[in-house]
Amino acid sequence: MMDQHEDPRFEAWLRKAAESYHAPDPTPRDVMWQRIQTARRQKPVIVLRPWMAWAMAAAAVLILGIGIGRWTATPTGRGNPVAVATTPLANSDSGLAAPSPDVVYQVAATQYLSRTEAFLTSFRTDLGKNHAANSARFAGQARDLLTTTQLMLDSPAGKDQRMRSLLEDLELVLMQISQLDPAHGGHDADLITQGMNQSNVLPKLRSAIPAGPVPVRTEGAL
Amino acid sequence: MDESQLIARVRAGDGEAERALYDAHVDRVYRLAFRLAGDDALAQDFTQETFIRAFDRLGSFRGDAAFSTWLHTITTTVVLNGLRKVKRFRQREADIDDAHEIGAMQRHAEPDLKVRLKQAIEALPEGYRTVFLMHDVEGYTHEEIGAALGVETGTSKAQLSRARAKLRVALADFAGEWTT
């Protein structure tokens, strides 16, 4: 029996009409292949040896135990925030009372990189749509991100050679975007986009960001 | 050489086999990414990300299902997550703009079929839109869609039926074109 919505004539018409919806360009095989190869070469490879797996499992159990301990601790300790605030971290018995600065910077770096990735992706796809209005907006956002980039370069996150190189690439791109002039048309933007493609900034950025949405990437780090 | 031999060679680190595997599947991955994203730069990004993940995780491919099914699971995950990220970013920017500007940017209904169809497809819920584009436009079977999206085949069929019903209502002005 035919479903009440089923109508072969409509379905055939719809299929034909929908062929023009987001009709793909010819596949740029070689361009994408080059970028895939470059991104894979730059991706850090971590070979998980058996002892590492055991060490990670032990660390996970330890963290879980500490978490449960903190969760189930009597409220007497929690009721004395002044003592916590005035006790130097180095004198803390557990040493786990607060996250280490490196972890904090790592979380901040992940959040910053995710924001920058979303920004650059949007810049590349949206700027051409309404150049005059969008270039002013993108320039403003780039200035904000540029400030953060420069702070990141001076932070412990910038001590890592790979991260430093990425931050320097981003600094250059953001600086160019922050100077976009709405009156200049799309030529400057095209040059920036070409530069981004040549230096492989987005693939590098993506490979520096742990998989998963931002809250998941940073979950449990603090 | 069949695909399982090709995959074994890729696992053994054979660069030529890697390229051959890529060539065998890249068209379909890129086409799907383009249909869903509607933008060449995004489609390229998503295709690249799909293959980077696929090559990195090839060790976990057990061969229970076809390689293409496994690859399309990665593709849909990458594309849908990527599009959500872009949408969230655009939404945040739109919230910052003033209401007048947003009102001015909205398009009014157009009599043109192409424009109306685009609007109607984009107004579909994400699941309906994905199934409709995969099945009716790119020719995937319900079994392939179910495997790629992690849903039952029946769910895929139901979503397609609902998508078509919604499109039929949205395109009612053009009814003369399919009834004659």
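Just so it is clear: chains get the letters A, B, ... in the order the sequence lines come, proteins before strands, and each one is counted from 1.
The cationic group of A:Arg35 does not satisfy the cation-pi geometry with B:Phe51, failing either the under 6.0 Å distance to the six-membered ring centre or the 45° limit from the ring axis.
Proximity to chain B (any heavy atom under 4.5 Å) is restricted, for A:Arg124, to the side chain, taken from C-beta onward. For chain A, the nearby part of B:Ala37 is the backbone; its heavy atoms alone come within less than 4.5 Å. Contacts of B:Val26 with chain A are made by both backbone and side-chain atoms, with heavy-atom separations under 4.5 Å. Interface remark: B:Arg19 contributes backbone and side-chain atoms alike to the contact with chain A (heavy atom separation under 4.5 Å). Heavy atoms of A:Pro203 lying under 4.5 Å from chain B belong exclusively to its side chain. For a residue to count as touching a neighbouring chain, one of its non-hydrogen atoms must lie under 4.5 Å from one of that chain's; by this rule B:Asp23 touches chain A with backbone and side chain alike. Both the backbone and the side chain of B:Phe55 come within contact range of chain A, judged by heavy atoms closer than 4.5 Å.
Between chain A and the residues B:Asp40, B:Leu117, B:Ile121, B:Val86, the largest count of heavy-atom pairs under 4.5 Å involves B:Ile121. Per-residue counts of heavy-atom pairs under 4.5 Å with chain B were compared for A:Ala18, A:Ser20, A:Pro26; the largest is that of A:Ala18. Interface check for chain A: of the options B:Asp45, B:Thr179, B:Leu133, B:Asn81, the most heavy-atom pairs under 4.5 Å are formed by B:Asp45. Across B:Gln48, B:His135, B:Glu177, the residue that shares the most heavy-atom pairs under 4.5 angstrom with chain A is B:Gln48. When each of B:Val137, B:Val29, B:Leu36, B:Asp39 is scored by its heavy-atom pairs under 4.5 Å with chain A, the top score falls to B:Asp39.
For A:Arg40 and B:Glu18, the salt-bridge test passes: some basic side-chain N is under 4.0 Å from an acidic carboxylate O. A salt bridge is defined here as a Lys NZ or Arg NE, NH1 or NH2 lying under 4.0 Å from an Asp or Glu carboxylate O, and A:Asp160 with A:Arg162 fails to meet this definition. Ion pairing of A:Glu11 with A:Arg15 is absent here, as no side-chain N (NZ or NE/NH1/NH2) approaches a carboxylate O to less than 4.0 Å. A salt bridge does not link B:Lys87 with B:Glu126: none of the charged nitrogens is closer than 4.0 Å to a carboxylate oxygen.
With hydrogens and angles disregarded, no donor-acceptor distance shorter than 3.5 Å links the side chain of B:Arg129 to the backbone of B:Ala123. A donor-acceptor pair under 3.5 Å links the side-chain atoms of B:Thr47 to the main chain of B:Ala43, judged by distance alone.
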Going through the checks in order, is the side-chain contact (heavy atoms from CB on, under 4.5 Å) test met by B:Arg164 and B:Asp136?
CA-CA 10 Å; B:Arg164 285 176 179 161; B:Asp136 275 10; 3.0 Å; yes
